[in-house]
Amino acid sequence: MLSAIDIKKSFTVDTTTNVLKGVTMDILPGDFTGIIGRSGSGKSTLLNILSTLLRPDSGSVVYKGKDLGKATVKEINNIRQNDFSIIFQSFHLFPYLTVLENVLLPYLSGVIPVSGQSKTKAMQMIERVGLQGKENRLPGKLSGGEQQRVSIARALVKNPKILFADEPTGSLDIKTGKSIIELLKELNSEGLSVVMVTHAMEYTKYADRVIEMKDGNICGTINEVAGAV
Amino acid sequence: MNIFTLPVKNLKRKLMRTTILVAVFTVGILSVVMLYNVSETIGHSLEKKMTQFGANVLVYPKSDSLNVSYGGFSLGNLNYQVKYLSEKEVMYKVRNIEFKENISTVAPKLVSLTKYDGKPVAVTGVIWGEETRIKSYWSIDGKMPEQPDEAIIGSRAAEFLGIAISDSVNLGNGVIKISGILQSTGTEDDNLIFADLHTVQAYTGKQDMVNFVEVAALCAGCPIEDIVAQIQAELPDTDINALQNIVKQRMSTINYVKNMVLLVSGVILVIACFMLAMFMLASVNERKKEIGLLRAVGYSGSKIFLIFGFEAMIIGCLAGVLGYIGGYFSSVELLARVNIGGEGTEIAFSAVAMFVSAGLVGLLSVVSASIPAMKATKVQPTDVFSEI
């Protein structure tokens with residue numbers, strides 16, 4: 001469904017650092033893929049390139065047969081709106097919007113008011129992540145785990161094909177973090193492809209496949225870890 | 001809920017800052033509206049008042065024999081014994097030029113010579129209503145003529161001829177009676193007798209004839225050259241002398257006020273726009289993570305521009321409406337306090353003008369915010385998320 005072929009990426013701050021040195025990998029439909037590695041191994045950069053947030057220096061990312069390096073800005077925006085979603089360690093909720101409005105954010109990009117159907121869908125997502133009754137609260141009135149659930153609901157409201165999760169438990173305590181990973185696993189079991197970057201080894205057991213990154217390269221792949229749990 | 005929910009909610013969230021910005025912008029617009037209203041009113045008032053002190057266009061028949069000056073101004077070569085203008089034609093045509101709204105007064109004159117006690121004296125036929133409008137400085141001992149055969153005489157002529165109030169002067173086949181003596185004006189008026197134009201025409205057998213016509217034109221809305229050209233087109237057999245020096249002097253006074261207002265208004269607007277731009281720039285810098293997230297969920301650059309542009313437009317439109325209303329009441333109050341203006345110079349409140357102003361200020365705000373908004377469109381998710 002989504003393939004990275006010989007991806008290279010470097011950043012220059014005073015000196016040039018080669019963050020990715022030729023990564024090739026595939027994301028399969030319905031897979032829960034974990035990407036692990038030490039800080040600076042290039043796992044977040046790889047996630048950002050896979051999710052179209054970053055362009056590689058060389059190599060290609062192919063989605064549904066199309067090289068995203070050759071896609072127009074409009075096509076990339078369409079993919080971000082409809083096919084890919086991403087959640088972050090820091091949730092990135094809008095503090096002045098209610099839970100419902102935050103979840104509806106992907107629908108708010110037009111001049112035409114959001115339809116009742118979209119609102120219903122958003123309410124279903126809020127319920128799905130276990131926040132029913134809290135749709136009119138502001139994010140500041142929610143716990144960290146609840147805020148991450150709001151960001152997951154926001155990511156899912158448009159029925160994406162792939163959910164990218166960058167350290168989704170990084171700002172949460174162990175118990176809350178576990179509940180978030182379990183939620184992601186549930187969503188995955190319903191057909192959603194999940195690509196999750198984490199440095200917490202205990203969460204890799206939920207993944208179907210774990211890719212380990214080291215110094216900008218994939219140093220190992222462990223298949224069907226979840227099956228072993 | 002739509003894309004405008006974001007800027008509206010953001011402005012609400014930062015209510016204090018929004019209020020201060022709108023207040024500052026409002027004060028700027030208020031000042032501009034007030035200055036504009038006051039300058040327009042003062043301009044019209046000045047022009048009206050200056051018009052009361054003389055005409056600025058003279059219309060006379062083409063002639064080539066005698067140099068005559070009147071009222072301190074050269075009339076060109078006037079030979080009133082030879083050529084005349086038709087009073088009705090001139091009055092009608094001058095009153096109906098394209099810029100007729102700018103014609104304040106049309107004062108025709110017929111000058112006729114007579115003798116009193118063997119001494120020659122000129123009798124000038126005038127239309128009293130028109131004449132007194134351009135000679136508001138006249139002061140009369142006795143009374144202004146009320147009957148067709150009544151006249152007034154200049155102080156110097158009265159002294160020279162020994163004429164007193166109630167004395168009679170022969171003119172052609174009639175007699176005119178002096179009802180008042182014009183106090184010294186320092187002009188040729190002091191040497192003349194002024195009588196009703198139609199009486200002079202009847203007594204001298206020159207019905208519908210006039211020697212020349214004085215025209216007072218208001219020149220705020222058009223150049224005097226245009227008025228002259230239009231009169232000339234209507235009356236091709238006349239010479240027209242525009243007293244450019246007077247007009248230019250009047251207009252320079254008015255234009256000075258207006259130019260000053262324009263300059264001050266411009267400075268105020270530039271400062272207000274600069275403040276708005278600074279506010280928007282700070283807002284963009286503060287909200288980079290929000291912008292990054294919006295880009296990550298598929299918002300295009302133009303949508304980001306729309307969000308910040310709309311935010312600026314709300315501030316601009318609010319300030320435009322409040323500034324217009326405030327400017328209107330401030331200018332009314334200011335004019336009342338300094339006692340400038342008077343009849344016909346009241347400032348009219350216009351809802352249409354208010355909404356047009358609000359729209360223009362809104363547009364100006366969007367332009368002011370365009371650089372910060374453009375900056376916002378350049379923000380990429382990976383630029384702002386620390387974990388990347």
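Note on naming: letters A, B, ... go to the chains in the order of the sequence lines (proteins, then strands), and numbering restarts at 1 for each one.
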Does some side-chain heavy atom of [Y] sit less than 4.5 Å from a side-chain heavy atom of [X]?
X: A/Q124; Y: A/T120; result: yes
X: A/M213; Y: A/L20; result: yes
X: A/E101; Y: A/F94; result: no

Is [X] close to chain B through its backbone or its side chain, or both, or neither, when contacts mean heavy atoms under 4.5 Å?
X: A/P95; value: side chain
X: A/K74; value: neither
X: A/S109; value: both
X: A/L105; value: both
X: A/L104; value: side chain

Using non-hydrogen atoms and a 4.5 Å limit, figure out which bit of [X] sits close to chain A: side chain, backbone, both or neither.
X: B/K9; value: both
X: B/F4; value: side chain
X: B/R295; value: both
X: B/L306; value: side chain

Practice problem: Look at B/I307, B/I304, B/N2 and state which one has the largest set of heavy-atom pairs under 4.5 Å with chain A. | Solution: B/N2
Quiz item: Does any donor atom in the side chain of A/N77 or B/S300 lie under 3.5 Å from an acceptor atom in the other side chain?
Solution: no
Quiz item: Between A/Y206 and A/Y203, how do the two ring planes meet: parallel, tilted or perpendicular, split at 30° and 60°?
Solution: tilted
Quiz item: Short question: side chain of B/S283, backbone of B/F279 - any donor-acceptor pair under 3.5 Å?
Solution: no
Quiz item: Crowded around B/F274 CZ? As in, over 12 foreign heavy atoms under 6.0 Å?
Solution: no
